[in-house]
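Working notes, structure below.
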Amino acid sequence: MRDAFLSDYKGSIDYLYGLQNHAIKLGLNRTENLLARLGDPHRRFKCIHIAGTNGKGSTAAMLSSMLKEHGVRVGLYTSPHLVRFSERFRVNDREAESERVLAVFERIRECLDEGEPPTFFEMVTAMAMQYFAEEKVELAIVETGMGGRLDATNLVNPSVCVITNVSFDHQEYLGNTLGAIAHEKAGIIKDGVPLVTGARQALVQGILKATCLRRNSVLYRFGTDFKARRKADGTFQYHGLRRNWPSLGVGLPGEHQVGNAALALASLEALEKQDLLTISPDAVERGLAGVRWPARLEVLQEHPLILLDGAHNPQGADSLRDALENCFSYKHLHLVMGVMADKDIKGIFRRLLPLAETAIFTKPRYSRAADPDDLRRLARPFIKRHYVIPDVAAAIRQARLFAQPDDLICIAGSLYLAGEVKELLGEPLI
């Protein structure tokens with residue numbers, strides 16, 4: 001019986017991955033029609049919709065953890081997954097069981113129109129909406145896959161919208177200017193629905209403000225309408241829309257997580273202002289302190305210290321660099337890096353490689369991964385000691401040989417690399 005299930009489950013996942021062979025098609029019609037054939041499951045629960053270049057996953061995880069502590073039955077939809085496909089769907093911070101994933105997949109497949117085949121992300125988004133409806137969640141936190149305006153998730157009816165920040169990424173789909181990318185992300189703003197944002201650039205704020213005015217939506221800006229400041233003891237102060245906390249701790253390391261926590265707290269306040277939640281200070285403190293999110297400055301080992309981080313674009317590399325400089329003590333830094341070929345590789349390297357004693361370039365098992373020899377050529381202006389070891393496990397073994405007990409090994413550059421590393425360390429596939 002178990003063997004038959006595993007065969008069916010593997011077949012369903014292979015089918016979904018096969019959809020990735022089709023080009024990305026931004027647009028809402030296919031997803032809207034599929035959800036309609038399912039009975040519009042996305043309309044059976046409230047929602048917080050999150051877009052942004054960086055910080056979506058961490059902000060979403062904090063919201064999920066705090067809402068769970070408030071007694072809310074909360075769903076969480078994020079992407080990509082690291083090891084298991086089922087990581088994308090969580091209820092009350094519990095990953096979906098593979099049996100439930102298969103059942104939902106089969107339900108969705110029954111409703112497919114052969115003349116209108118979905119993309120991978122459209123199919124998976126429909127699965128998330130159906131799963132949350134069946135699980136009777138009260139509120140779902142839904143992360144966009146790319147951009148916002150034409151993202152498959154943009155059919156939800158949110159109670160709060162969040163745009164964490166806006167910087168350059170996915171330019172081939174979202175546009176080559178900051179303004180174009182901001183317009184795409186502003187596409188999640190809905191009529192009368194408050195927007196919480198951490199975007200700081202004047203151009204981006206202007207676009208968000210203009211969109212909110214057209215939509216009759218209240219805009220809450222980090223640094224203006226709500227503020228947070230890290231304290232010397234590692235906690236932070238929060239001065240919010242109505243509520244204030246003199247000292248809060250957050251379970252995710254890195255100074256940038258204070259900003260993500262502030263966005264999550266302001267989002268809770270936006271719910272409270274609509275009488276959709278009564279904030280409990282104790283639940284907030286428990287939720288923030290207990291939040292966990294993999295591959296974000298995740299400590300894998302001590303002596304030598306081994307960190308795992310996504311850092312898949314320059315802004316993510318900025319956050320990692322700040323953490324390496326301010327949050328960890330070590331003698332020498334050894335980097336193991338694998339990056340997707342379509343990323344701003346020089347921008348990532350410029351921020352991280354000058355900190356390192358050595359860098360090893362490797363290649364995760366993903367079609368978009370950059371050739372390590374190309375990475376080495378791009379790295380030459382930034383570091384002297386650099387090596388190419390395409391096999392990820394062998395690259396990590398070499399880094400261990402380089403490192404002394406008081407050194408730090410940081411594995412970074414892509415969430416796909418992070419997922420492969422966690423698999424190598426024994427994370428179960430199902």
Side-chain angles (χ1 to χ4, degrees), residues 42 45-79 87-95 128-129 131-132 135 137-145 148 153 156-165 185 188-190 193-199 220 222 225-226 228 236 238 240-243 245 248-252 254 256-294 296:
H42 59 302
F45 46 82
K46 298 185 186 305
C47 175
I48 296 176
H49 198 193
I50 304 182
T53 306
N54 290 87
K56 297 188 298 294
S58 296
T59 303
M62 293 178 196
L63 276 166
S64 178
S65 184
M66 288 190 289
L67 285 166
K68 182 191 72 170
E69 292 294 337
H70 279 84
V72 177
R73 185 163 177 79
V74 58
L76 176 60
Y77 175 47
T78 59
S79 61
E87 295 171 32
R88 294 169 179 258
F89 321 111
R90 297 174 185 267
V91 173
N92 282 1
D93 287 339
R94 289 177 61 96
E95 182 181 323
M129 301 301 107
Y131 177 63
F132 293 152
E135 291 292 317
V137 303
E138 298 170 85
L139 188 149
I141 301 158
V142 176
E143 178 189 320
T144 59
T153 63
V156 297
N157 294 321
S159 299
V160 178
C161 297
V162 181
I163 297 176
T164 55
N165 47 56
K185 295 188 186 299
I188 72 166
I189 301 170
K190 303 294 188 297
V193 177
L195 172 67
V196 175
T197 186
Y220 300 120
F222 180 46
D225 303 294
F226 59 99
F236 70 96
Y238 174 77
L241 310 180
R242 292 177 177 171
R243 292 182 176 265
W245 276 272
L248 283 171
V250 61
L252 300 179
H256 63 291
Q257 296 296 0
V258 170
N260 292 332
L263 292 173
L265 288 165
S267 299
L268 291 188
E269 289 200 85
L271 288 177
E272 187 173 52
K273 291 185 80 167
Q274 299 173 71
D275 294 324
L276 298 176
L277 180 74
T278 300
I279 292 177
S280 160
D282 288 343
V284 164
E285 291 178 15
R286 291 194 306 270
L288 278 182
V291 67
R292 299 291 181 268
W293 199 235
R296 277 70 172 182

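Start at 1 with the first residue, then count along the sequence.
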Please confirm whether the backbone N or O of I279 pairs with a side-chain atom of H70, one donor and one acceptor, at under 3.5 Å?
-> no

Could you check if a side-chain atom of L276 sits within less than 4.5 angstrom of a side-chain atom of L139, using non-hydrogen atoms only?
-> no

Please answer whether the main-chain N or O of A199 pairs with a side-chain N or O of N165 as donor and acceptor at a distance below 3.5 Å.
-> no

NE2 on H256 to OG1 on T164, rounded to 0.5 Å | 11.5 Å

Do the side chains of T153 and I188 get nearer than 4.5 Å, heavy atoms only?
-> no

Excluding sequence neighbours, so at least two apart, what forms salt bridge (charged side-chain N to carboxylate O under 4.0 Å, His left out) with R292?
-> none

What is the distance from atom CZ of F222 to atom OG1 of T197, rounded to the nearest 0.5 Å?
-> 10.5 Å

Salt bridge (Lys or Arg N to Asp or Glu O under 4.0 Å) pairs touching residues 57-68, sequence neighbours excluded, are K68-D93

Shortest non-hydrogen pair, E138 vs G71, comes out as OE2-O, 3.9 Å

Does R243 come within less than 4.0 Å of E272, counting only side-chain N to carboxylate O?
-> yes

When every non-hydrogen atom of I189 is compared with those of C161, the smallest separation belongs to CA-SG, 4.2 Å

Indicate the ring-plane relationship of F89 and Y77, choosing parallel, tilted or perpendicular according to the 30° and 60° boundaries.
-> parallel

What is the minimum heavy-atom distance between F132 and G75, and which atoms define it?
-> CE2-CA, 3.7 Å

Listed by chain and number, what are the salt bridge (charged side-chain N to carboxylate O under 4.0 Å, His left out) partners of E95, not counting sequence neighbours?
-> R84

Report the C-alpha separation of V142 and I48 in whole Å, then their side-chain angles, then the decisive distance to 0.1 Å, and conclude whether the side chain to side chain contact (heavy atoms under 4.5 Å, CB included) test is met.
-> CA-CA 6 Å; V142 176; I48 296 176; over 6 Å; no

All side chain to side chain donor-acceptor pair (under 3.5 Å) counterparts of Y131, not counting sequence neighbours | none

Would you say the side chain of F236 lies within less than 4.5 Å of the side chain of L288, judging by non-hydrogen atoms?
-> yes

Does L268 reach the side chain of L63, with side-chain heavy atoms less than 4.5 Å apart?
-> yes

Between Q274 and P194, is any pair of side-chain heavy atoms under 4.5 Å apart?
-> yes

Separation between CD1 (I141) and CE (M62), nearest 0.5 Å, reads 12.0 Å

For residues A262 and Y238, report the shortest heavy-atom separation together with the two atoms involved.
-> O-CE1, 3.9 Å

Side chains of T53 and K185: closer than 4.5 Å at any heavy-atom pair?
-> yes

Could you pull out the closest heavy-atom pair between T144 and S79, with the gap in Å?
-> O-OG, 4.4 Å

Look at the side chain of T78 and the backbone N and O of E143, then say whether any donor-acceptor pair between them is shorter than 3.5 Å.
-> no

Roughly how far, to the nearest 0.5 Å, is the CZ atom of R242 from the NZ atom of K273?
-> 5.0 Å

Do side-chain atoms of Q257 reach the backbone of L252 as a donor and acceptor pair under 3.5 angstrom?
-> no

Gap separating the OG1 atom of T59 from the CH2 atom of W293, nearest 0.5 angstrom | 11.0 Å

Please examine the side chains of V250 and N260, heavy atoms only from C-beta on, and report whether any two atoms are closer than 4.5 Å.
-> no

For K190, enumerate each residue passing the salt bridge (charged side-chain N to carboxylate O under 4.0 Å, His left out) test, keeping only those at least two apart in sequence or located in another chain.
-> none

Shortest non-hydrogen pair, V160 vs S267, comes out as CG2-O, 4.0 Å

Please list all pairs passing the salt bridge (Lys or Arg N to Asp or Glu O under 4.0 Å) test where one or both residues lie in residues 52-66, with sequence neighbours left out.
-> none

Applying side chain to side chain contact (heavy atoms under 4.5 Å, CB included), run through E285 and W245 and close with a yes or a no.
-> CA-CA 10 Å; E285 291 178 15; W245 276 272; 4.1 Å; yes

Looking at side-chain heavy atoms only, is the closest gap between L263 and F226 below 4.5 Å?
-> yes

